[in-house]
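Shown next, in structure tokens, is the structure this report addresses.
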Amino acid sequence: MNYPEISVIKNLYDGLIFDLDGTLLDSMNLWTQADVSFLSKRGFEVTPDYTDYVKSVSIEDAAQYTKDRFNLPDSIQDIIDEWNTFVGRGYRETVPLKPGAKEYLLNAHKTGFKIGCATALTRPNTDAVLKRCDVYDLFDAILTLDDIKGCPDKRHPDIYLKTSAAIGTLPSHTLVFEDVPLAAKGATLGGFDVCAIFDIVGVGSISNWEQMAKECKFSSQSWIPTSIYIK
């Protein structure tokens with residue numbers, strides 16, 4: 001089936017929940033660069049399994065994992081500060097929305113969807129990039145993993161459940177947009193339908209993308225309408 005118009009999705013869902021990195025934002029390479037910079041200084045390389053873990057957890061959990069995995073003397077806060085110094089300027093000044101993402105959000109807002117954001121980004125980076133890209137006010141609720149106490153990462157449905165509650169929609173009537181397979185599975189565990197958004201860093205490989213697209217209700221290689229289809 002061709003790209004589902006917002007008017008078609010409106011008949012299926014009351015709310016939409018969007019991830020940021022790799023979904024609405026073209027930002028995943030920024031984090032890859034940050035990881036490479038951080039680990040190379042300490043004599044280590046970024047590996048696919050490392051990236052798979054840190055891209056779906058909070059920055060605190062990613063820092064703890066990094067410290068433990070590489071037996072680093074750095075404190076958790078020092079690791080976080082170094083990462084934030086590297087990426088913070090990008091979110092404040094340069095990281096763009098993916099082509100067509102703003103138009104999709106505007107159309108959804110105009111149609112009357114309740115719109116939520118569920119992200120592993122820190123609150124300062126989240127607010128900075130959404131305000132700079134002039135989409136902050138389109139969201140009815142914006143939640144980060146830091147806001148969900150006891151939720152270690154997006155492999156669990158907690159952040160999606162809290163976000164749907166915050167925007168006032170039921171999981172069964174809410175569509176989640178995600179680029180990371182483990183996060184998509186977390187949303188599915190919460191009773192949500194998922195639209196898979198393609199990002200090569202987020203999915204890790206073309207074969208992972210094909211599998212993710214197959215498992216999700218919707219999938220999209222970009223926010224350009226002709227590239228979105230329903231299973």
Side-chain angles (χ1 to χ4, degrees), residues 17-42 44-96 116-133 136 139 141-163 166 176-187 199 201-204:
I17 295 175
F18 296 87
D19 169 58
L20 290 184
D21 281 327
T23 299
L24 289 178
L25 300 177
D26 190 4
S27 56
M28 293 298 270
N29 282 333
L30 177 65
W31 281 101
T32 299
Q33 294 164 13
D35 292 339
V36 169
S37 174
F38 180 88
L39 290 178
S40 64
K41 289 178 184 177
R42 293 157 176 83
F44 301 104
E45 294 183 355
V46 174
T47 59
D49 63 304
Y50 174 81
T51 300
D52 282 344
Y53 182 82
V54 299
K55 67 190 177 186
S56 63
V57 301
S58 70
I59 194 168
E60 289 81 8
D61 288 332
Q64 184 69 63
Y65 174 75
T66 302
K67 178 179 174 64
D68 294 343
R69 173 166 172 162
F70 299 104
N71 194 27
L72 301 179
D74 309 74
S75 71
I76 300 302
Q77 191 57 54
D78 285 343
I79 295 172
I80 292 172
D81 289 345
E82 185 168 337
W83 284 342
N84 276 332
T85 297
F86 191 100
V87 303
R89 183 173 181 179
Y91 288 107
R92 292 192 305 272
E93 299 180 8
T94 61
V95 167
C117 170
T119 179
L121 271 179
T122 63
R123 174 62 61 178
N125 287 337
T126 296
D127 291 350
V129 69
L130 292 180
K131 289 177 180 178
R132 178 176 55 79
C133 292
Y136 183 88
F139 293 91
I142 299 170
L143 276 75
T144 74
L145 281 178
D146 292 340
D147 300 321
I148 314 299
K149 303 305 180 185
C151 177
D153 55 55
K154 296 176 86 174
R155 293 177 295 180
H156 302 269
D158 304 52
I159 189 168
Y160 307 107
L161 293 170
K162 293 284 188 181
T163 305
V176 172
F177 296 79
E178 274 285 357
D179 68 305
V180 176
L182 288 175
K185 289 178 180 178
D199 187 281
V201 178
V203 299

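- Heavy atoms only, all atoms of each residue included: Gly202 and Asp179 are closest at CA-OD2, 3.3 Å.
- With ring centers used as reference points, Phe38 lies 6.0 Å or more from Phe86.
- No more than 12 heavy atoms of other residues, nucleotides or ligands lie within 6.0 Å of NZ in Lys162, so this atom counts as exposed by the packing criterion.
- For CZ of Arg89, the number of neighbouring non-hydrogen atoms (other residues, nucleotides, ligands) closer than 6.0 Å is 12 at most.
- Contact detail for Gly186 and Pro157: the closest heavy-atom pair is O-CB, 3.2 Å.
- Closest approach of Val95 to Ser27, counting heavy atoms only: CG1-CB, 3.6 Å.
- Results of the side chain to side chain contact (heavy atoms under 4.5 Å, CB included) test with Asn125 over Asn84, Ile59, Asp21 single out Asn84 as the only residue that passes.
- Here the shortest heavy-atom pairing between Ala62 and Thr66 reads O-OG1, 2.7 Å.
- In summary, the side chains of Arg69 and Thr47 do present a donor paired with an acceptor at a separation below 3.5 Å, with no hydrogens or angles considered.
- Considering only heavy atoms from C-beta on, Lys67 stays 4.5 Å or farther from Asp74 through its side chain.
- Checked by atom type, the side-chain pair Asp147/Thr144 shows a donor-acceptor distance below 3.5 Å.
- If you take CD on Glu82 and OG1 on Thr85, they are separated by 7.5 Å, rounding to the nearest 0.5 Å.
- Residues satisfying the ring pair (Phe, Tyr, Trp, His ring centres under 6.0 Å) criterion with Phe70, sequence neighbours excluded, are Phe44, Tyr50.
- What you find for Val87 and Ala34 is that their closest heavy atoms are CG1-CB, 3.8 Å.
- The ring pair (Phe, Tyr, Trp, His ring centres under 6.0 Å) test applied to Phe139 returns no partner, not counting sequence neighbours.
- Applying the side-chain hydrogen bond (donor to acceptor under 3.5 Å, both in side chains) criterion to Gln33, with sequence neighbours excluded, gives no partner residue.
- Looking at heavy atoms from C-beta onward, Ile148 lies in side-chain contact with Leu143 at the 4.5 angstrom threshold.
- The backbone N or O of Leu182 sits nowhere less than 3.5 Å from a side-chain atom of Arg155 that would complete a donor-acceptor pair.
- Heavy-atom contacts from other residues, nucleotides or ligands closer than 6.0 Å to CD of Glu45 number 12 or fewer.
- How far CG of Asp35 is from CG of Leu30: 9.5 Å, rounded to the nearest 0.5 Å.
- The two residues Ile142 and Arg123 have their closest heavy-atom pair at O-NH2, 2.8 Å.
- Side-chain atoms of Thr23 never come within 3.5 Å of backbone atoms of Leu20 as a donor-acceptor pair (strictly under, hydrogens ignored).
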